[in-house]
A.B. asks: 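The structure follows.
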Amino acid sequence: MSEVRADDLTEINTAQDVASLYTGVGKNNAKSGIEIELSFFDPSSDDLTAMSLCQNRVLKNATAAVLPDVDFVHNEPTSELLEVASFAASFKNMKSVMDDLNKKIKILSDKAENIGLKRSYFQELPDKTADELLSRIVDVERYKIMYAPYREDMRKCVQYFAVCKSNQVSVSPYDMDHMHKNIRRLYALAPFLFLLTDNSSAFSEGKPHAGHIGMTLRHAGLTEGRGGIPPYVFSAKSGEEFVNAHINHAMNNPLFMYYDRDGALNRVPSGDWGVTFNTLKQRGLNSASNYYLAQSILWPDVKVATLKDTNGAVTGHRYEARMFGVGMHQHQTAFIITNALAFHDDFAASIDDLLLRYGLDDYNAIMDSYKSARNHNGAFFNVAYGNGTMSEFAREFADLIEPVTDEMNITDEAAPMLHICRSGCTDGKVNRLLFPTLQDIKNIQRMHDGSMFENPNQCASMIFDREIKNEAGRLGVGACCG
């Protein structure tokens, strides 16, 4: 949930009052950055105890002190989790953004090790239940309102946010059309990107799960129009039409909290979905704070979010791609793809042609592909994707993006992505092959060498190549992962 200034009483009456803040930053000023959510636990404890509230405070403060002039480590709702943010830069400087984030990840991981904590090998903590994680909510007002206690009718929503972690890539667009085209393109690619960067296990909350857990919990929990694909992404004929529909969506988004005129957050009782920004006008609460709050609690797979100055005032908007898993290479893979789509015109046009050939310019076809990926049941890339298969699409995607990575001198950073696209050997697939039981998962959590994360130019099938071959031989098959 994006932070919102509680004291902005600027009156918002119509879409025109905010529309100018969606017009983009211009081609010469466009930038991108990335945030990664990392989970930590105590490997010496019998039950691999998740990082506590006290440990969270110690770790966050120790990490922040290394770069005291940079705001780069942030709380998320539950205590086991901290978010690390890169700086933002132009497309030509994308390698420096990845280097910056990798440096900051290492700072956090080293400080965690110093206090006896360890980063999760998986993108989640597969043995921990939502209830266990929700019992440790950090002391931030908006998190306390949403999670402690949570509304009975938001159980599935808070379950998703407690259990699932992600990378998020933000782009400040040239203009409204640039924003709309890229958001639409990312939605068409989302089922593929979810699986490409998946680093889950065969278990969630200690129980077996055969599909993509993040997609499943998002689908079940982000209701009331908050998640998934807003239909107007595909019905809008222009960027301006898209922005107007988005503003209308935000103004009519059912709220579970809102700001009063003193800047205090107020809860909306469980079962009441009648409070929206528009209904707050009747109480004189149609403030900028409440508009941006309403927008911030929309959580589609590509989110429209604010750009702010150093004082927290909104100066514009960005889009945020949120369909990427967490692991060794995932943040770099996410950043490379999102940047190439946004800023390399020839590549973007070639992907549009590829999507068209697969019939993925159609809303219903994309929804069907979401369902196939969400419920892949161990098939991973061997699922339907438009009028073809995801494995076929992935190989063609790799052939199109590889020249871009050569041009940008990021061949090492792109190696895991290209390997997975061509082999079908996603990290999630490797995890299910090598760590099939909950005890196997606990063992790798306890025993993995945390230094493996210092080289993000690798994926699970590269690291565990020998183990995969041994498992293939044991099972008597030629290729367990491919």
Side-chain angles (χ1 to χ4, degrees), residues 39-43 45-50 80 118-130 132-133 159 163-166 191 194-217 324-330 372-383 389-391 394 416 419-450 452-453 458-482:
S39 297
F40 294 89
F41 64 94
D42 179 358
S45 60
D46 291 341
D47 63 348
L48 304 177
T49 305
E80 87 288 355
K118 192 176 191 180
R119 177 179 162 182
S120 176
Y121 169 78
F122 305 97
Q123 63 194 35
E124 295 104 8
L125 296 177
D127 58 317
K128 298 295 180 278
T129 66
E132 182 176 355
L133 299 174
Q159 178 187 16
V163 170
C164 298
K165 323 301 180 206
S166 66
F194 270 117
L195 293 188
L196 172 65
T197 59
D198 179 34
N199 185 35
S200 65
S201 74
F203 285 77
S204 177
E205 300 189 68
K207 297 179 181 179
H209 185 86
H212 189 290
I213 185 59
M215 296 182 78
T216 299
L217 291 181
F324 303 106
V326 179
M328 283 163 286
H329 70 91
Q330 280 80 354
S372 294
R374 186 169 63 243
N375 302 316
H376 66 72
N377 197 30
F380 294 93
F381 280 0
N382 295 318
V383 295
T389 67
M390 193 173 288
S391 58
H419 175 78
I420 292 170
C421 284
R422 289 168 173 153
S423 69
C425 204
T426 69
D427 289 3
K429 191 169 186 179
V430 172
N431 294 341
R432 285 159 177 78
L433 175 68
L434 298 182
F435 318 118
T437 70
L438 189 57
Q439 189 57 52
D440 292 328
I441 288 165
K442 291 179 179 179
N443 289 344
I444 189 66
Q445 287 282 69
R446 195 182 302 278
M447 302 304 297
H448 79 264
D449 184 352
M452 70 169 61
F453 294 110
Q458 57 185 345
C459 58
S461 64
M462 294 175 174
I463 294 172
F464 296 112
D465 179 65
R466 183 173 61 183
E467 290 84 351
I468 292 169
K469 289 176 179 176
N470 289 342
E471 189 67 6
R474 185 182 72 81
L475 296 175
V477 294
C480 281
C481 196

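Values in this document were obtained by computation on a predicted structure and should not be read as measured data. Numbers for residues simply follow the sequence, beginning at 1.
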A.B. asks: Would you check if the side chain of R446 reaches a backbone N or O of S45 as a donor-acceptor pair within less than 3.5 Å?
C.D. replies: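 Looks like yes, one N/O pair under 3.5 Å.
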A.B. asks: Taking the side chain as C-beta and beyond, is there a heavy-atom pair between L438 and D127 under 4.5 Å?
C.D. replies: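 Sidechains of D127 and L438: in contact.
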A.B. asks: Search all heavy atoms of A202 against all heavy atoms of I441 and return the closest pair with its distance.
C.D. replies: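 Shortest heavy-atom separation between A202 and I441 comes out as N-CD1, 4.5 Å.
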A.B. asks: Check D198 against R432 and note the closest heavy-atom contact, atom names and distance.
C.D. replies: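 Looking at all heavy atoms of both residues, the closest pair is OD2-NH1, 4.1 Å.
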A.B. asks: Would you say P191 and M390 make side-chain contact, with heavy atoms under 4.5 Å?
C.D. replies: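 Touching, per the 4.5 Å side-chain cut-off.
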A.B. asks: If you look at every heavy atom in C459 and H329, which pair is closest and at what distance?
C.D. replies: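 Minimum heavy-atom separation between C459 and H329: CB-CD2, 3.7 Å.
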A.B. asks: According to the interplanar angle, ranging from 0 to 90°, do the rings of F435 and F464 count as parallel (below 30°), tilted (30 to 60°) or perpendicular (above 60°)?
C.D. replies: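 Correct class here is perpendicular.
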A.B. asks: Main chain of G211, side chain of N375: is a donor-acceptor contact present, judged purely on distance under 3.5 Å?
C.D. replies: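 Side chain of N375 to backbone of G211: no pair is present.
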A.B. asks: Please examine the side chains of L196 and F324, heavy atoms only from C-beta on, and report whether any two atoms are closer than 4.5 Å.
C.D. replies: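 Not in contact.
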A.B. asks: Distance-only, no hydrogens or angles: does the K165 side chain make a donor-acceptor pair with backbone N or O of F122 under 3.5 Å?
C.D. replies: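 No; judged by distance alone, with no hydrogens or angles, the pair does not exist.
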A.B. asks: Over all heavy atoms of both residues, which pair between V326 and R119 is shortest? Give the atoms and the distance, please.
C.D. replies: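 Shortest heavy-atom separation between V326 and R119 comes out as CG1-NH2, 4.2 Å.
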A.B. asks: To the closest 0.5 Å, what do you measure between CD1 (I463) and CD1 (I468)?
C.D. replies: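 CD1 of I468 is found 10.0 Å from CD1 of I463.
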A.B. asks: Got a second to check how far F380's CZ is from C425's SG, nearest 0.5 Å?
C.D. replies: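 Result: 9.5 Å between the selected atoms.
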A.B. asks: Are the side chains of K442 and Q439 in touch, meaning some heavy atoms are under 4.5 Å apart?
C.D. replies: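 K442 reaches Q439 side chain to side chain.
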A.B. asks: Any idea which heavy atoms bring A50 and E80 closest together, and the distance?
C.D. replies: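 Here A50 and E80 meet closest at CB-CB, 3.8 Å.
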A.B. asks: Over all heavy atoms of both residues, which pair between L195 and H212 is shortest? Give the atoms and the distance, please.
C.D. replies: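 Scanning both residues completely, I find the closest heavy atoms to be CD2-CD2, 3.7 Å.
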A.B. asks: Classify the angle between the aromatic ring planes of F453 and Y121 as parallel (below 30°), tilted (30 to 60°) or perpendicular (above 60°).
C.D. replies: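 The arrangement is tilted - the two ring planes meet at 30° to 60°.
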A.B. asks: So which of S120, P43, S201 actually passes side-chain contact (heavy atoms from CB on, under 4.5 Å) with Q445?
C.D. replies: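 Single side-chain contact (heavy atoms from CB on, under 4.5 Å) partner of Q445 among S120, P43, S201: S120.
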A.B. asks: Got a second to check how far L434's CG is from K429's NZ, nearest 0.5 Å?
C.D. replies: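 Spacing of CG (L434) from NZ (K429) equals 12.5 Å.
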A.B. asks: Within this structure, what is the NE2-CG distance for the pair H419 and D465, rounded to the nearest 0.5 Å?
C.D. replies: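 Separation between the atoms: 7.5 Å.
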A.B. asks: Could you tell me whether the side chain of H448 and the main chain of G450 form a donor-acceptor pair under 3.5 Å?
C.D. replies: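 The answer is no, because no donor-acceptor pair under 3.5 Å joins these two groups.
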A.B. asks: Find out whether E132 and L125 are in side-chain contact, i.e. whether some heavy atom of one side chain is under 4.5 Å from a heavy atom of the other.
C.D. replies: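 No - every pair of side-chain heavy atoms lies 4.5 Å or more apart.
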A.B. asks: Side chains of D427 and Q123: any donor to acceptor distance under 3.5 Å?
C.D. replies: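 D427 and Q123 do not have a side-chain donor-acceptor pair below 3.5 Å.
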A.B. asks: So do the side chains of S200 and N431 get within less than 4.5 Å of each other, counting heavy atoms only?
C.D. replies: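 SC-SC contact between S200 and N431 ruled out.
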A.B. asks: Can a donor-acceptor pair be found between the side chains of Q159 and E205 at a distance below 3.5 Å?
C.D. replies: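 There is such a pair (donor and acceptor under 3.5 Å, judged by atom type) between the side chains of Q159 and E205.
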